[in-house]
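Because only heavy atoms are used, hydrogens play no part in the values below, and waters and symmetry mates are left out as well, while side chains stay in.
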Amino acid sequence: QVHLVESGGGSTEPGGDLRLSCAASANGVSFSCMAWFRQAPGKEREGVASISSYETRTYTASVEGRFNISQNLAKDALYLQMNNLKPEDTAMYYCATSVRYCSGTYSLLRSAYDFWGQGTQVTVSS
């Protein structure tokens, strides 16, 4: 059974930075793709950034140039460095992993992922 735990969420003012982490207990499962999703109140869960086992990265347009996704495959860990945060970035952020390779637009779809964490809240407000 795969278990994902997110951490690093919190509150910050606009322009601030936060770094999210996701620790995976893979139990022998190999991930080919990992991603961050977010869901704001009243909105659909959306893909924010993904990274494949080949280090191919994909970002949704609204975070391009501000967020950076990275991973440590040896530790089954995923990170999201979020810089210059905006109020519209406020949401619950979820870590997701897949045993299938994914890239491009497909890698930001919920259907591409097999396992999910419980989420960590990010609030950006002055």
Side-chain angles (χ1 to χ4, degrees):
Q1 184 176 357
V2 174
H3 189 52
L4 305 177
V5 179
E6 302 94 338
S7 62
S11 297
T12 187
E13 294 184 346
D17 304 331
L18 286 173
R19 178 178 170 87
L20 304 183
S21 298
C22 174
S25 298
N27 292 317
V29 176
S30 295
F31 304 132
S32 294
C33 196
M34 303 178 77
W36 289 98
F37 284 72
R38 66 186 179 187
Q39 187 167 17
K43 294 188 176 181
E44 294 289 319
R45 190 173 299 189
E46 66 167 343
V48 176
S50 70
I51 185 167
S52 75
S53 55
Y54 295 100
E55 299 286 330
T56 301
R57 292 170 169 82
T58 303
Y59 297 93
T60 193
S62 63
V63 308
E64 190 84 52
R66 299 188 298 122
F67 289 12
N68 182 62
I69 189 171
S70 60
Q71 64 187 347
N72 184 325
L73 293 176
K75 296 183 178 180
D76 284 327
L78 181 69
Y79 308 99
L80 186 67
Q81 178 66 43
M82 305 185 295
N83 298 329
N84 189 22
L85 282 159
K86 303 177 180 181
E88 51 264 41
D89 295 318
T90 294
M92 184 72 78
Y93 283 72
Y94 298 90
C95 170
T97 62
S98 174
V99 299
R100 297 156 288 166
Y101 180 78
C102 57
S103 65
T105 304
Y106 174 73
S107 70
L108 296 181
L109 299 178
R110 293 181 64 176
S111 58
Y113 296 89
D114 307 300
F115 307 103
W116 295 83
Q118 293 300 306
T120 184
Q121 178 67 38
V122 171
T123 302
V124 185
S125 174
S126 55

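Across T60 and G47, no two heavy atoms sit closer than the pair CB-O, 3.5 Å. Closest approach of D17 and T12 over heavy atoms only: N-OG1, 4.2 Å. Minimum heavy-atom separation, L4 to C22: CB-SG, 4.1 Å.
Side-chain heavy atoms closer than 4.5 Å link hydrophobic residues (I, L, V, M, F, W, Y) into clusters, and following such links, possibly through other members, connects I69 to L18. When the side chains of ILVMFWY residues are joined at heavy-atom separations under 4.5 Å, either directly or via intervening members, Y106 and Y94 end up in two distinct hydrophobic clusters. Taken together through direct or relayed side-chain contacts under 4.5 Å among Ile, Leu, Val, Met, Phe, Trp and Tyr, L108 and V48 form parts of separate hydrophobic clusters.
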Could you list the donor-acceptor pairs under 3.5 angstrom formed by side chains in residues 70-80, with sequence neighbours left out?
residue: Q71; atom: NE2; partner: S52; partner atom: O; Å: 2.8
residue: Q71; atom: NE2; partner: E55; partner atom: OE2; Å: 3.2
residue: N72; atom: OD1; partner: A74; partner atom: N; Å: 3.1
residue: N72; atom: OD1; partner: K75; partner atom: N; Å: 3.1

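The structure places OG1 of T123 at 10.5 Å from CG of L85, a figure rounded to the nearest 0.5 Å. Here the straight-line distance linking atom CE of M34 with atom OG of S50 works out to 11.5 Å at 0.5 Å rounding. Taken from OG1 in T58 to CD in E64, the straight-line distance is 9.0 Å, to the nearest 0.5 Å.
Here disulfide (SG to SG under 2.5 Å) pairs that include residues 42-86, with residues two or more places apart or in two chains, number zero. Within the structure, the salt bridge (charged side-chain N to carboxylate O under 4.0 Å, His left out) test picks out the following pairs touching residues 103-126 (sequence neighbours left out): R100-D114. Residue pairs meeting the side chain to side chain donor-acceptor pair (under 3.5 Å) criterion with at least one member in residues 18-35: none, sequence neighbours excluded. For residues 29-54, the set of pairs meeting the ring-ring contact (aromatic ring centres under 6.0 Å, His included) definition, not counting sequence neighbours, comprises F37-Y113, F37-W116, Y54-Y101. Applying the side chain to side chain donor-acceptor pair (under 3.5 Å) test to residues at least two apart or on different chains, the pairs with a partner in residues 82-93 are R38-D89, R38-Y93, R66-D89, Q81-N83. For residues 117-126, the set of pairs meeting the salt bridge (charged side-chain N to carboxylate O under 4.0 Å, His left out) definition, not counting sequence neighbours, is empty. Contacts classified as disulfide (SG to SG under 2.5 Å) and involving residues 32-61 (residues at least two apart or in different chains) are given here: C33-C102.
For A40, the side chain to side chain contact (heavy atoms under 4.5 Å, CB included) criterion is met by K43, A91, not counting sequence neighbours. For Q1, there are no side-chain hydrogen bond (donor to acceptor under 3.5 Å, both in side chains) partners at least two apart in sequence or on another chain. Evaluation of the salt bridge (Lys or Arg N to Asp or Glu O under 4.0 Å) rule for E13 yields no partner, not counting sequence neighbours. Residues forming a salt bridge (Lys or Arg N to Asp or Glu O under 4.0 Å) with R45 (at least two apart in sequence, or on another chain): none.
Of the possible donor and acceptor atoms, one in the side chain of E6 sits under 3.5 Å from a partner among the backbone N and O of Q118.
Y59 places a side-chain heavy atom less than 4.5 Å from the side chain of N68. You'll find the side chain of S125 stays beyond 4.5 Å of the side chain of S11, heavy atoms only.
The environment of CD in Q39 is crowded: more than 12 heavy-atom neighbours from other residues, nucleotides or ligands sit within 6.0 Å.
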